[in-house]
Colleague: 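One structure, as structure tokens, below. Some questions next.
Given the structure is predicted, the values throughout are model-derived calculations rather than measurements. In what follows, residues are counted from 1 in the order of the sequence shown.
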Amino acid sequence: MLLPRTLLVGRTLRCIRAVGQQTSRSIMNLRELVAALNDFASLSLAESWDNVGLLVEPSPPHTVNTLFLTNDLTEEVMEEAVEKKADLILSYHPPIFTPLKRVTWKTWKERLVVRALEHRIGIYSPHTAYDAIPHGTNHWLMKGLGACTSVPLHPSTAPSHPAEGTHRVEFCAGNAEHLDTVLSKIKEIPEIFCLTTLPARFEGGEQTRVSLNCSQKALLDVVALLSQNSRLYHKTEILLLQKPLLPHTGMGRLCTLSEPVSLSHITERIKSHLKLPHIRLATGTGKTLESPVKKVAVCAGSGSSILKGMEADLYLTGEMSHHDVLDAVANGISVILCEHSNTERGFLSELRDMLAVHLQNKINIIVSEKDRDPLQVA
């Protein structure tokens with residue numbers, strides 16, 4: 001049957017438009033993409049022990065058309081990335097953590113590096129940087145609690161001080177001639193910043209108050225100089241400049257529910273959010289399944305070090321040591337454990353959507369279908 005001419009033209013135009021939409025998606029240079037990922041979540045927010053950022057880089061120039069997201073980069077997931085023609089793998093957990101002394105075919109982590117380089121696939125890991133950001137892993141996990149307000153359990157600080165230097169030194173001097181000599185010597189010391197002088201009254205007389213910022217290294221030289229004059233030295237104050245706290249940023253979350261709910265009810269909420277048929281529950285001493293829960297301390301992944309000592313009705317995390325669970329229970333705090341990566345993996349779908357916006361839909365972003373927690377209920 002022949003189609004009417006107008007209908008045929010319409011379908012042809014739609015086909016052309018569809019092809020145009022597919023080819024309009026551009027590619028990104030790897031360095032450009034890594035810079036954008038670092039802008040999305042600053043690596044300075046990661047824990048000091050972590051291994052984050054670009055871990056495997058194919059020889060440049062390297063362009064990225066497909067970004068592949070996974071929680072854990074196993075060999076099965078790597079083969080999936082190869083099949084789906086990934087150019088960069090974003091693995092939440094760093095597949096390289098303990099330093100590699102060689103890259104051979106002997107161990108599975110070495111083979112990941114070999115396969116990545118063979119197929120010109122880069123590997124990037126954000127890990128605890130994503131735990132810290134306001135819109136990260138812990139924010140996604142606490143959505144399973146229902147309506148609540150939250151603050152970080154361990155707030156992050158800004159990567160730098162608000163002013164140059166790490167310390168502020170202030171002292172008063174009455175002898176103008178001697179002060180000029182001291183100031184001229186101070187100006188010769190490297191890493192001195194914001195040197196100011198102001199008139200001041202001290203012990204009933206006219207004085208000059210000197211204020212300066214300096215680095216830790218310069219502080220030693222400044223103190224050594226001022227200690228040569230006992231009167232100046234005894235009038236010296238040294239202040240440590242604190243890095244400011246970043247709002248809504250840091251490790252873990254302390255969540256206060258809008259309305260208290262029973263332990264059994266919140267357990268079902270969490271199972272539904274994580275799409276898990278079973279979780280592990282330790283009931284706090286003196287508590288029952290009907291006990292009300294108002295405050296919940298949350299930490300995606302392994303929460304022992306983050307949750308320890310926090311006052312709450314409930315701890316929610318992936319895993320904790322046996323003895324840390326005993327401590328919490330003895331203090332009347334119930335504990336829900338969901339296995340490590342089950343408290344992280346669901347974030348990847350939200351991450352895909354957020355990165356699509358952040359990267360202005362320049363590249364394809366896909367989530368692994370093979371990635372899963374290694375522990376299953378038998």
Side-chain angles (χ1 to χ4, degrees), residues 24-73 81 86-97 116 120-143 150-152 154-164 243-253 300-301 344-368:
S24 65
R25 190 181 294 275
S26 61
I27 58 178
M28 296 182 72
N29 178 275
L30 177 61
R31 302 282 175 88
E32 175 193 7
L33 176 54
V34 167
L37 291 174
N38 293 347
D39 180 63
F40 177 80
S42 173
L43 299 180
S44 66
L45 297 174
E47 296 286 79
S48 58
W49 49 260
D50 210 351
N51 189 34
V52 294
L54 186 63
L55 305 184
V56 175
E57 178 181 10
S59 58
H62 184 64
T63 54
V64 177
N65 179 63
T66 298
L67 174 63
F68 181 91
L69 310 182
T70 185
N71 200 75
D72 293 300
L73 183 55
D87 304 295
L88 178 66
I89 296 172
L90 188 154
S91 176
Y92 169 77
H93 286 136
I96 303 173
F97 196 81
R120 293 190 57 75
I121 301 173
I123 301 175
Y124 178 96
S125 177
H127 200 201
T128 52
Y130 277 10
D131 293 345
I133 56 176
H135 49 287
T137 319
N138 282 304
H139 179 74
W140 167 81
L141 179 58
M142 75 180 198
K143 287 182 179 181
S150 70
V151 294
H154 299 273
S156 297
T157 57
S160 59
H161 295 85
E164 291 182 289
K243 296 178 181 179
L245 297 179
L246 296 175
H248 314 298
T249 305
M251 297 301 161
R253 296 292 185 270
E344 304 161 334
R345 184 170 291 103
F347 171 63
L348 294 180
S349 296
E350 286 193 4
L351 176 63
R352 175 192 57 207
D353 297 339
M354 287 189 289
L355 287 180
V357 174
H358 184 71
L359 302 175
Q360 301 177 331
N361 292 306
K362 290 182 179 179
I363 58 175
N364 299 311
I365 305 175
I366 56 178
V367 178
S368 171

Colleague: Taking side-chain hydrogen bond (donor to acceptor under 3.5 Å, both in side chains) as the definition, give me every residue that meets it alongside Ser156, ordered by chain and number, with sequence neighbours left out.
Modeller: none
Colleague: Can you tell me how far apart CZ (Arg120) and OG1 (Thr63) are? Round to the nearest 0.5 Å.
Modeller: 8.0 Å
Colleague: For His62, is the NE2 atom crowded, meaning more than 12 foreign heavy atoms sit under 6.0 Å from it?
Modeller: yes
Colleague: Who passes ring pair (Phe, Tyr, Trp, His ring centres under 6.0 Å) against His358, sequence neighbours left out?
Modeller: Phe40
Colleague: Working to the nearest 0.5 angstrom, can you tell me the gap between Tyr124 OH and Leu30 CG?
Modeller: 10.5 Å
Colleague: Would you name the heavy atoms of Arg253 and His248 that are closest together and state the gap between them?
Modeller: NH2-O, 3.6 Å
Colleague: Given side chains that start at C-beta, do those of Leu88 and Leu37 come closer than 4.5 Å, heavy atoms only?
Modeller: yes
Colleague: Any idea which heavy atoms bring Ser125 and Pro94 closest together, and the distance?
Modeller: OG-N, 3.1 Å
Colleague: Using every non-hydrogen atom in the two residues, find where Pro152 and Gly250 come nearest and quote the distance to one decimal.
Modeller: CB-CA, 4.0 Å
Colleague: Can you list, pair by pair, the side-chain donor-acceptor contacts under 3.5 Å of residues 347-357, counting residues two or more places apart and other chains?
Modeller:
{"from": "Glu350", "atom 1": "OE1", "to": "Lys143", "atom 2": "NZ", "distance (Å)": "3.4"}
{"from": "Glu350", "atom 1": "OE2", "to": "Lys143", "atom 2": "NZ", "distance (Å)": "2.8"}

Colleague: Only counting residues at least two apart or in another chain, list the ones meeting side-chain hydrogen bond (donor to acceptor under 3.5 Å, both in side chains) with Thr66.
Modeller: none
Colleague: What distance separates Asn65 CG from Leu33 CG, expressed to the nearest 0.5 Å?
Modeller: 11.0 Å
Colleague: Can you check side chain to side chain contact (heavy atoms under 4.5 Å, CB included) on His154 and Glu47, steps first, answer last?
Modeller: CA-CA 11 Å; His154 299 273; Glu47 296 286 79; over 6 Å; no
Colleague: Check the pair Ser91, His127 against side chain to side chain contact (heavy atoms under 4.5 Å, CB included), reporting the backbone distance first and the verdict last.
Modeller: CA-CA 8 Å; Ser91 176; His127 200 201; over 6 Å; no
Colleague: Looking at every heavy atom in both Pro247 and Pro134, which two are closest together, and how far apart are they?
Modeller: O-CG, 4.3 Å
Colleague: Mind checking what makes salt bridge (charged side-chain N to carboxylate O under 4.0 Å, His left out) contact with Lys243, not counting sequence neighbours?
Modeller: none
Colleague: Please give me the minimum heavy-atom distance between Glu344 and Gly301, naming the atom from each residue.
Modeller: OE2-CA, 3.2 Å
Colleague: Under the criterion side chain to side chain contact (heavy atoms under 4.5 Å, CB included), which of Val367, Asp72, Thr70 is the partner of Arg345?
Modeller: Asp72
Colleague: To the closest 0.5 Å, what do you measure between OG (Ser42) and CG (Leu246)?
Modeller: 9.0 Å
Colleague: Distance from Ile365 atom CD1 to Ile363 atom CD1, nearest 0.5 Å?
Modeller: 5.0 Å
Colleague: Of Thr249, Val52, Asp131, which meets side chain to side chain contact (heavy atoms under 4.5 Å, CB included) against Leu45?
Modeller: Thr249
Colleague: Would you say the side chain of Pro95 lies within less than 4.5 Å of the side chain of Leu55, judging by non-hydrogen atoms?
Modeller: yes
Colleague: Report the residues that fulfil side-chain hydrogen bond (donor to acceptor under 3.5 Å, both in side chains) with Thr128, sequence neighbours left out, ordered by chain and then residue number.
Modeller: Asp50
Colleague: Measure across Pro155 and Leu245 and return the closest heavy-atom pair with its distance rounded to 0.1 Å.
Modeller: CB-CD2, 4.1 Å
Colleague: So if I apply the side chain to side chain contact (heavy atoms under 4.5 Å, CB included) rule between Val56 and each of Ile123, Leu73, Ile121, Ile89, which one comes out positive?
Modeller: Ile123
Colleague: For the atom pair CE (Met28) and CG (Asp87), what is the distance rounded to the nearest 0.5 Å?
Modeller: 12.0 Å
